[in-house]
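Just so you know, these numbers use all the heavy atoms, side chains as well, and skip hydrogens, waters and symmetry mates.
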Amino acid sequence: MSLSGHALTWTKNLLFNHRFFWVTATAVILGDAILTQLIIHFVPYTEIDFETYMYQAELYISGVRDYSKISGPSGPLVYPAGHVYIHRLLSLISSGGNSLRLLQNIYGGLYLVSLFLTCSLYRTAGNLPNYVLLLLPLSKRLHSIFMLRLFNDCWSLVVVQGAIMAYATGWDDIASVLFSAALSIKMSIFLYLPGLLVVLFKRHGLFHTLRHCAVIAVSQGLIALPFISTYPRSYFASAFEFSRIFLYKWTVNWRFIPEDIFLSRPWAFTLLAMHLCTLVAFATMKWCKADGGVLNVLSRGLRHPTVGATTSVSADQVITILAISNLIGIIFARSLHYQFYSWYTQQLPFLLWRTKYPVPMRILALLCFEYAWNVFPSTKSSSGILLASHAVLLLGLWYGFPEGKEGTISKTTLVKGPKMD
């Protein structure tokens, strides 16, 4: 075989052959590691919230435990206890946040851990061509959120990715502890909870689902013990404030809505109702379809509450259901700020490959997402594009593979990779 023939064979294997998945993934991670260092060294850092994180951490270090008295330049402390502990540690090792380059490298390493976990989730779910990995390092906004803004969303993302991986591989007890740890950093992790309840009920039945909920709740309490043992009302009112109203000037998703409507309670209740209705629709009509429908699943789970309501829940089903649950919550969020893009950036290629859209349309959708999240400040058109992209993706999942693609990637020879889109 000629040199060009060998090169073509290797290219096909790297792009399509599942046995070369980690070769391709390793190349992507190493390439992104170089890109990460270039960004840190040559793109200016922009201070937004990290100074406030450090200020709040210093108050905690000084002995303050009343959440109502912990604040900073950009506002009060509105995140759970895990956020405080992480930034306490970062404050100690960076001289109160003054060692910026060290912090950026820590976040750069955290980004690469997130990229590795994303590749692991893709591989565990299966039924994805290797070339999808090439899309992961292309988000300008995601690199900015990690290395140039140092947002706390980065930490909750990595921990919840670990939890999803543990759920997908059957380590559910460890996964529930990790899920609670992620929730202790940012309460956006609640968006996964509806899908998680479906997964746990199908896999374990009613009693063990309740047990896992108890594990999440108890570990959450233990993490927050220094605060809830002294000022519990202050802690819960700030760390889990569900009625929080976001500023209109920062919204990415609803810029085309007039500000008075955006801030109104009827609009908030409308979004909540649409969120719940969409979740119920997927839970009853899609996520239990392969098991004979939701009534059969509920019947089996209630009649035999100590065993699973289905024979098995595959890793693909776990990852897909959790990602869709998160997506639905994001779509109907009362407001999305730029750092919230990290909540699902790395899940978007996976979800698009769980639709039946042609590959060019999937790529176009990714470009639309990236465009909408990079327009600053957001405009009516950028918000409209984001909403349309969300709608197209959700519709594609509804008519695509909302429980995941069953089966494994077909085995092929090293010469000819499988035909996958």
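The main-chain N or O of G75 is found under 3.5 Å from a side-chain atom of S71 such that the two form a donor-acceptor pair. Judged purely by atom type and a 3.5 angstrom limit, S299 has no side-chain atom pairing as donor or acceptor with the backbone of L295. When atom types are taken as modelled, the side chain of Y131 and the backbone of F16 share no donor-acceptor pair closer than 3.5 angstrom. Side-chain N or O atoms of S325 include none that pairs as donor or acceptor with a backbone N or O of L322 at under 3.5 Å. T124 contributes no side-chain N or O that, together with a main-chain N or O of L121, makes up a donor-acceptor pair within less than 3.5 Å. Side-chain N or O atoms of K202 include one that pairs as donor or acceptor with a backbone N or O of W287 at under 3.5 Å. A distance-only check finds a donor-acceptor pair linking the side chain of E47 to the backbone of E51 [under 3.5 Å]. K286 places no side-chain N or O within donor-acceptor distance of the main-chain N or O of A281, the cut-off being under 3.5 Å. The backbone N or O of C154 lies less than 3.5 Å from no partner atom in the side chain of S342, so there is not a single donor-acceptor pair. Side-chain N or O atoms of S238 include none that pairs as donor or acceptor with a backbone N or O of Y235 at under 3.5 Å.
The two residues I185 and G82 make their nearest non-hydrogen contact at CG1-C, 4.2 Å. The two residues S91 and I61 come nearest to each other via the heavy atoms OG-CD1, 4.3 Å. The two residues I261 and W267 come nearest to each other via the heavy atoms O-CB, 3.1 Å. Heavy-atom minimum distance, G162 versus L117: N-CD1, 4.2 Å.
Remark: the N152 side chain and the Y53 side chain contain an N/O donor-acceptor pair separated by less than 3.5 Å. Defined by atom type and a distance below 3.5 Å, a donor-acceptor pair is missing between the side-chain atoms of E403 and T320. With 3.5 Å as the limit, one finds no donor-acceptor pair spanning the side chains of N326 and W343. Inspection of the Q161 and T118 side chains reveals an N or O donor paired with an N or O acceptor under 3.5 Å. In the model, S383 has no side-chain atom that pairs as donor or acceptor with a side-chain atom of N253 under 3.5 Å. Between S219 and S180, the side chains place a donor N or O and an acceptor N or O closer than 3.5 Å (distance only, hydrogens not considered). No side-chain N or O of Y338 forms a donor-acceptor pair with one of N374 less than 3.5 Å apart. Checked by atom type, the side-chain pair T345/S139 shows no donor-acceptor distance below 3.5 Å. For the 3.5 Å distance criterion, the side chains of S176 and H212 qualify, holding a donor opposite an acceptor. Counting only N and O atoms by type, the side chains of D66 and S68 include a donor and acceptor under 3.5 Å apart.
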Margin query: Test side chain to side chain contact (heavy atoms under 4.5 Å, CB included) on Y60 and V64; report intermediate values, then the result.
Written below: CA-CA 5 Å; Y60 172 76; V64 180; over 6 Å; no
Check: Stepwise, does the side chain to side chain contact (heavy atoms under 4.5 Å, CB included) test hold for L366 with L348?
Finding: CA-CA 7 Å; L366 281 175; L348 288 174; 3.7 Å; yes
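Counting only heavy atoms from C-beta outward, the side chains of C368 and V392 never approach each other to under 4.5 Å. Considering only heavy atoms from C-beta on, R203 comes within 4.5 Å of D172 through its side chain.
Aromatic pair Y231/Y67: ring centres not closer than 6.0 Å. Here the two rings, on Y341 and W373, have centers that are under 6.0 Å apart. Close placement of the W22 and F116 rings is indicated, their centers lying within 6.0 Å of each other. For H83 and H87, the distance between ring centers is under 6.0 angstrom. The aromatic ring centres of H390 and Y344 sit less than 6.0 Å apart. Between F146 and Y107, the distance from one ring center to the other does not fall under 6.0 angstrom. Proximity of the aromatic rings of F242 and F190 is defined here by a centroid distance below 6.0 angstrom, and this criterion is met.
Taking a 6.0 Å sphere around CZ of R233, one finds it holds 12 or fewer heavy atoms contributed by other residues, nucleotides or ligands.
Relative to the ring axis of F401, K405 places its NZ or CZ within 45° and under 6.0 Å from the centre. A cation-pi arrangement is present between R255 and Y248, with the terminal nitrogen or guanidinium carbon under 6.0 Å from the aromatic centre and inside a 45° cone about the axis. F21 carries R123 over the face of its six-membered ring, with the cationic atom under 6.0 Å from the centre and within 45° of the normal. For the pair K186 and W155, the cation-pi criterion (under 6.0 Å, within 45° of the ring axis) is not fulfilled.
Aromatic ring orientation, F340 versus F246: perpendicular (interplanar angle above 60°, classes split at 30° and 60°).
Taken from CZ in F369 to CD1 in I385, the straight-line distance is 11.5 Å, to the nearest 0.5 Å. Rounding to the nearest 0.5 Å places CZ of F269 at 9.0 Å from CZ of R334. Note that CG of L134 and CG of D32 are 11.5 Å apart. Values are rounded to the nearest 0.5 Å.
Look at R211 and D173 and you find a salt bridge, because one of the NZ, NE, NH1 or NH2 atoms lies within 4.0 Å of a carboxylate O, short of that distance.
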